[in-house]
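Below is one structure, written out as structure tokens; comments come after it.
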Amino acid sequence: MPGTMPLLEIKDLRRAFYGLDVLRGVDLSVAPGGITGLIGPNGAGKTTLFNVVSGLVPPDAGSIRFDGEEMAGWAPDRISRRGLVRTFQVARGFPKLSVFQHLMLYGRDQPGESLWQAIVGTRAAREREAALAERAWETARFLKLDRLIDNPATALSGGQKKLLEIGRALMAEPRLVLLDEPTAGVNPTLQNEIGERLLELPRRGITVLLIEHDMGFIARLCNPVIVMAEGQVLTQGTFDEVRTDHRVREAYLGRRAA
Amino acid sequence: MIILQALVNGIVSGTLLAVPAIGFTAMFAVLRFPNFSVSGVATLGAFAGYLAYGVGLQMAGSLVVAFAVAGVAGLAFDKLAHLPLIKQGALPAAIASIATGIILENVVRLGFGNAPRGYDRPIARDVFLGDIRVSPQQLETMGLALLLMLLVFAALAFTRIGKAMRASADNPELAALKGIRPERIATLASFVGMGLVGVGGMLLGLDSSIDPLTGTRILLSLFAAAVLGGLGSVPGAVLGAFLIGMAEELSVLVVGSQYRAAVGFIAILVVLTLRPRGLLGERAY
Amino acid sequence: MSLLQITGLRGGYAAADEIVKGADLKVEAGEIVALIGPNGAGKSTLLKLIAGLLRPSGGSVRFKEQEIAGLGAPAISRRGLSFVPQERNVFGTMSVAENLEMGGFIDGAHARKRMAELYERFPMLSEKRRAAARTLSGGQRQILAMAIALMNAPDLLLLDEPTAGLSPRAAEELFGTILALNKSGVAILMVEQNALEALSVSARAYVLVQGRPEHEGRAADLADDPTVRDLFLGGKAQPMLRGNGDSSNKGTGDFT
Amino acid sequence: DPIKLATLTPLTGAGGPYGPVMAKAAASVVEEVNKAGGVLGRRIVLVSEDDQTNPEAAVRAARKLIDVDKVAAIMGTWASSVTTAVAPLCWESKTFLCTVSGADSITLLPHQGFLIRTQPNSKLQVTRVGEFILSLGAKKAFTMIPQTPFTQSTFDILNQVLPKGGCAHQSLIYDDKKTTYRTEVDQALRTSPDVILANGYTPDTVVLLKDLYRAGFKGKILGFAYSINQKLVDQVGQPEVVEGVYNFAPASAEGSSAFEKAKAASGSANPDPYTCQVYDHINLVLMAIASAKAATGEAIKENIRKATMSGGKVVDNAVDGLKEIAAGGKVDYAGASGPCDFDEKGDILDCKFRYEQIKAGKFTLVKIA
Amino acid sequence: MLSYILFIATIGGIYGLLALSLNLIWGGVGMVNLGLAGFFAVGAYASALLTTVGHGPIAAGWLIALVAGGVAGLVVTLSTTRLREDYLAIVTLGFAETVRLVASNEIWLTRGTDGISGIPGPWKRALGPDFNAVYFLIVVLALLVVFFVMRRIDRSPYGRALRAIREDAQVAQVAGKPVLRFKTEAFVLSAAIAGLAGALYGHFTSYIAPDMFLPLITVYIFLAVASGGTGRPAGALVGAYLVMTLLESSRFFVEWIPGVTAVQRAALKELLIAVALIVVLRLKPSGVLPERVPPAPRPS
Ligand SMILES: Nc1ncnc2c1ncn2[C@@H]1O[C@H](COP(=O)(O)OP(=O)(O)OP(=O)(O)O)[C@@H](O)[C@H]1O
Ligand SMILES: Nc1ncnc2c1ncn2[C@@H]1O[C@H](COP(=O)(O)OP(=O)(O)OP(=O)(O)O)[C@@H](O)[C@H]1O
Ligand SMILES: [Mg+2]
Ligand SMILES: [Mg+2]
């Protein structure tokens, strides 16, 4: 997509933990309006990259520009409010809050989150709440969580927790969503449906960067595909291009793919 | 000069804190809730040791009695009142332990009344090392505290059962799947931890006197020590106890004795702001 | 007599709310059995009931011809049954080496030897032996969880989604490991969402729906059963790496 | 229909070592009086509540005594903060209050006569302490004291009295919840004092004395008898540590028959001054009720001074006094803590002080003056 | 008897305010404030000083108590932003101790351990014996206002965000919630309520002293919230009155026990209270009125 400015542009991003270089100068960019795949062997640093970009882990060096704004070192909530939301590979959430509350929480621009409006209960707050509730129901239905909508998050199965991760991200209507293995542990049939739904996102103005190990899923959804290995970007291209790269086969895909 | 002396004094008073602080932090490391009933258990240990000493047991024997009585009582309360609540989170268990602390304090009061009592033990004059004076008895206590610390530390860090304790604190379900019986581990942790707290109470009583509030008086400094060193870290508790001891003694010179208690907290605030997990972090060993 | 024989098993998290509603299932000695089904069907719950993490409210679980229902996890594990849970399956605050040590808690005598074997089989673990398990990547953690379970040389291994989060290559290697273990006589009951892969290494399979096994049979038969395919295996869309590189609908995302 | 009276003493908390004996002394007096037929033909019921040495709890307890038990008098409040907290409830509900708290401010409260105190106020006491220190020939005195309502006035008065007699004075406030006072002792010894006034309560004074001993202090030590008493000697355990220490108290009329009665009533061979005072409280109140022929707070207030009328028959306990009053006579109660004559503010007019010294673990009388 | 019950109900109401204050931050955001007594004291002193030394009106005293409590809360949160939850507990405990030490030792300001007496009560002269009843109504009014504010917060998106922070602050941040702002606001509001409770207390009993603000009162309030039910304003209220009932009824109960000394009776009383609370917690581990997950509104 020549001519368009990248939505997310990462330059020479570095991060080490106790002397172990996990990100060793990552350069990548994500163009607006597409689904970009991020693959790479276990331990390549993909999740760490998401952690750094979403502000949970400060980078040691390097630049992260989102929509033209440098945001390395920002607090996670500020990044999130700018429209960059991420999900977690190992599902995380609020154990005692219900599925519904999880979904509602991620709704943006909630007037009811100001102390004053919460106490007096303004109309704006009520209306926004009602609108979000409708979306929450819709999201829950799609993810087959509607039956469980009042369940606390602890009482969900492993796969359901992952589905809730996706649901929350969708509720946030971000400009860029980072999905960390969104469908690992999700039943294949539902996984296909989720894939369909993700394909609609760019049309709604949501750009996607997703990590997956399911090659069928990557193949159907993602273009381009970025391959990371050992803390750096190894290569990038269409799925077919990267699939045939021998380094990718060697490090990542394994014997049968070859 | 006086500063040096205050530091030495701080180490001495720190050792008195260190023993119960080790017990407290070791229990925290395994059971994952701050057990406030240490105040009552320390008092109980002090009285148990007092009785044993009174009927003619030697110092070592009395310490063993203090350990056993405190350990058993602490264990019983953990089983009956605290651990059943841990499912609800650490705080309900902690709150319940405040109540059990009150129970223990009043059980002692019921039996012994309020009047302070003292161990019938000779008090030695301090000896001078140069210009610094140190108390031989308090050096003894200090040696005992360091020994206990090494034992607990080694047990948690190197023995299989110590590791199993940490494992079942970390992930009780998985520990059970690996054949570790979490209740047994919890039992051991409560018994040993509370036993140490009881010994701490008795050592404290040897140095001053005992009454139903003996444990309550040290509760704040004890927490401060454990937190300063990093909750759940055994060497941290010892380090924290020394630092709190020294900070408090120095504060006598700087802001006056009446603000002693406040100084400990300011120290914590500063340390925790710089190191949010305490000086030695939260590793149990 | 089967190694594991389950009849009419019922149970869940709260007494009022049964998740597994009468399951019959068996695993023969030396067999690999797959358990698949939609999210929330009760697969993990079933495994937890077998392993003793949850107390069954009814039915029987016989392992090596002895009733084990209600015994509790430590006792059951001591009889030679290892379970790798789906979530929270490592000791996060402990090092990799200590995790393995805890895996061999029951049988400390052979721990050293097994640990060496596992380090050889999973070199990543050896590299990371001093790292706290909480710092491992998702895939690395999965491998560790598996290794922990192997530390006490079980006769029956219950695996809950062992390949979730593994790279294709690592997943393949893991299935290789599973087959190798199986060859050495370990029976395996495995829950997988990577279903076609799982079926391809299994002898038999069950499809669990709403707490009951609705379908069972030879794994290959189930994989070809059109209803099962549509409902549980993702229907027409096949994992591309199975059908020799058939990626007909790849890259159809309409990027603008 | 019994007459209800109450003790409100610290049974738990910092005052815990004192309150229980106080309550016991009062209870025994009531028992005696009931045995002898009560007052005005009515039985006495004595309710005991715990003030927990905590004004917040004390207020709740007092409320219960006043509203539920409807007692005519509350006796024995110990901590000054407790007395100050409880006093307004008493005068507003016209309940009589007898206290042992020493803070000067207490009798200055607008209590309308509903309050008496048997403890000499701190000004009187500290002046005597100062004079005693001078009489010991001190050139440099040092005071160690926890923060209490007397602390400031103690300093102020000693700073006046001592320099006049040629003795320098320095002081230090300590935290009474600590388990060692080594650095505090170092601080004090740096000024090389020849007399140290240890002005705390028993538990902290035990620690302080041990630390002074360990540090090798050779000068004189003195303190109030409420902390330096037989209990303290027992707790310290080792006679050398307390050898030569002086104590000092408003003279419980030692040797007086009332003091002997208080001994019996409290079941203690060595009743502390508070116990003696509460013994006096209950006797005074009972005789006041008898004189008034009414058992209300108001009546007690009007008649409390009639129990110590000069020229009356000298009695040392309520049973005798009540007989005399019933027979139409006047009484002059000579109490266990002293003569018990009060000024209009409720302070005692005068009292003697008693000085003792520990020798070989025993208290020996130095003088009463 | 009636006036006693009225009195206890008033103090119970003040405990109720404290419980609501604690519940907001403990049940709400999961911050543990072991320094509640400190904020209670700050409010009590602020208002007492304004109305005695400053001769200000009582209403102004209440206002200043709210403000002083809030400011103290702000100072504490700002100086503890980097601290983790369990550490916050210890630091707040230290805050309360420090407040008490200052109140005891800075005699020029607080009159030291003598305390401040003669704190005026509203229309106390004119009302005479009716004062207690009127004051009870004032406290109930304050309690109701605070209760309804808390309920509003509890059920609003604001409360939802607080809960999320309680469960996992990091994920809440990822969800875009400014955690620091929420925590600070909640803590300040909670401290302000505790301050108000302090003022209400001082003007009721007319006397305050440092010893009134011992950690024991914080303990009572924690027991109240834990046994009433964390995370639910109604639970906090129920808990406060439950604790008050235990505290007072045990008084009557132990009077029936024969053959014990006064000190044993006092010990039994405290023992009884503690045992009763443990029993409540064992029977109802989440409190009498446990936190509920509000059901999602069904689409019409
Ligand atoms: N906090 C940390 N401390 C130490 N090492 C860490 C930490 N976080 C990550 N690492 C290490 O960094 C490497 C990359 O981890 P990361 O989670 O980013 O991998 P990943 O690419 O997401 O892998 P996977 O596909 O398995 O999820 C791993 O070797 C991991 O052990
Ligand atoms: N801890 C729990 N408490 C209460 N209910 C639970 C709990 N865990 C799971 N459930 C409920 O039990 C049902 C079955 O869960 P289970 O984890 O067994 O499903 P599963 O088949 O393993 O699904 P998945 O493939 O998503 O892991 C789900 O509907 C879930 O809502
Ligand atoms: Mg990852
Ligand atoms: Mg599952």
Side-chain angles (χ1 to χ4, degrees), chain B residues 1-3 5-10 12-13 16-17 105-106 109 113-128 133-138 203-205 207-214 216-221 245-246 248-253 256-262, chain D residues 10-21 53 144-147 151 171-190 201-211 213-217 227 229-242 268:
Chain B
M1 196 64 254
I2 181 124
I3 292 180
Q5 179 71 55
L7 288 177
V8 171
N9 295 348
V12 172
S13 57
L16 282 178
L17 268 184
E105 175 192 323
N106 283 290
R109 180 169 289 127
N114 284 321
R117 292 149 194 263
Y119 286 80
D120 192 7
R121 181 189 186 220
I123 299 157
R125 296 250 190 199
D126 289 352
V127 292
F128 279 83
R133 87 194 154 80
V134 292
S135 145
Q137 276 160 0
Q138 287 170 327
L203 291 178
L204 205 69
D207 204 51
S208 49
S209 64
I210 57 172
D211 65 69
L213 293 175
T214 293
T216 312
R217 277 193 206 99
I218 54 156
L219 191 65
L220 290 190
S221 309
M246 290 195 276
E248 287 185 353
E249 298 298 329
L250 283 178
S251 72
V252 174
L253 307 181
S257 173
Q258 71 268 38
Y259 278 115
R260 221 175 159 158
Chain D
L11 304 179
T12 56
Y18 306 104
V21 196
T53 329
M144 302 183 82
I145 183 172
Q147 187 63 266
T151 306
S171 55
L172 173 150
I173 303 177
Y174 66 82
D175 175 352
D176 60 0
K177 294 197 179 55
K178 283 294 149 186
T179 49
T180 92
Y181 295 115
R182 295 175 67 88
T183 302
E184 284 83 349
V185 164
D186 289 335
Q187 282 281 76
L189 297 195
R190 268 216 302 181
Y201 298 111
T202 304
D204 43 298
T205 307
V206 169
V207 182
L208 190 61
L209 291 186
K210 285 187 185 175
D211 278 335
Y213 175 79
R214 288 190 179 115
F217 177 62
S227 71
N229 49 29
Q230 196 59 45
K231 271 185 223 136
L232 174 132
V233 173
D234 294 344
Q235 276 170 59
V236 170
Q238 196 174 351
E240 301 91 85
V241 175
V242 291
S268 136

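Just so it is clear: chains get the letters A, B, ... in the order the sequence lines come, proteins before strands, and each one is counted from 1.
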* Backbone of D:Leu11 reached by a side-chain donor or acceptor of B:Asn114 within 3.5 Å -> yes
* Asked: Which bit of B:Tyr119 comes within less than 4.5 Å of chain D, counting heavy atoms only: side chain, backbone, both or neither?
  -> backbone
* Which bit of B:Arg133 comes within less than 4.5 Å of chain D, counting heavy atoms only: side chain, backbone, both or neither? -> both
* Structure fact -> Taken in chain and number order and not counting sequence neighbours, the residues that satisfy side-chain contact (heavy atoms from CB on, under 4.5 Å) with B:Leu220 are B:Phe265, E:Leu93, E:Glu97
* **Atom pair CZ (D:Arg190) and CD (B:Gln5), whose distance is rounded to the nearest 0.5 Å** => 11.0 Å
* Structure fact -> Heaviest contributor of heavy-atom pairs below 4.5 Å to chain D, chosen from B:Gly113, B:Gly245, B:Ser135, is B:Ser135
* Please state whether the side chain, the backbone, both or neither of D:Val241 comes within less than 4.5 Å of a heavy atom of chain B. => side chain
* Structure fact -> Turns out that what part of D:Val233 lies under 4.5 Å from chain B's heavy atoms comes down to neither
* Asked: For B:Asn9 and D:Thr183, does a side-chain donor sit closer than 3.5 Å to a side-chain acceptor?
  -> yes
* Quick one: what part of B:Glu248 sits under 4.5 Å from any heavy atom of chain D, side chain, backbone, both or neither? -> side chain
* To do: Side-chain contact test, heavy atoms from C-beta onward, threshold under 4.5 Å: evaluate it for D:Arg182 versus B:Val8 and give yes or no.
  => no
* Asked: Less than 4.5 Å apart, any side-chain heavy atom of B:Ser257 and any of D:Gln187?
  -> no
* With respect to chain B, which residue among D:Tyr213, D:Tyr18, D:Tyr181 yields the maximal number of heavy-atom pairs within a distance under 4.5 Å? -> D:Tyr213
* Asked: Which answer fits B:Thr214, side chain, backbone, both or neither, if we ask what part of it has an atom under 4.5 Å from a heavy atom of chain D?
  -> neither
* Asked: About how many Å separate CG of B:Leu253 and CD of D:Glu184, when rounded to the nearest 0.5 Å?
  -> 9.0 Å
* At a heavy-atom separation under 4.5 Å, does D:Phe217 approach chain B through its side chain, its backbone, both, or neither? -> backbone
* Side-chain contact test, heavy atoms from C-beta onward, threshold under 4.5 Å: evaluate it for B:Leu213 versus D:Thr12 and give yes or no. => no
* Sub-3.5 Å donor-acceptor pair from the side chain of B:Ser13 to the main-chain atoms of D:Thr180, do we have one? -> no
* **Interatomic distance, D:Lys210 atom NZ to B:Ile123 atom CD1 [nearest 0.5 angstrom]** => 4.5 Å
* Taking the side chain from B:Arg117 and the backbone from D:Gln235, do they hold a donor-acceptor pair closer than 3.5 Å? -> no
* Asked: Looking at D:Gly216, D:Pro17, D:Gly237, D:Gly13, which makes the most heavy-atom pairs under 4.5 Å with chain B?
  -> D:Pro17
* D:Ile145 CD1 to B:Gln258 CD distance, which is reported to the nearest 0.5 Å -> 11.5 Å
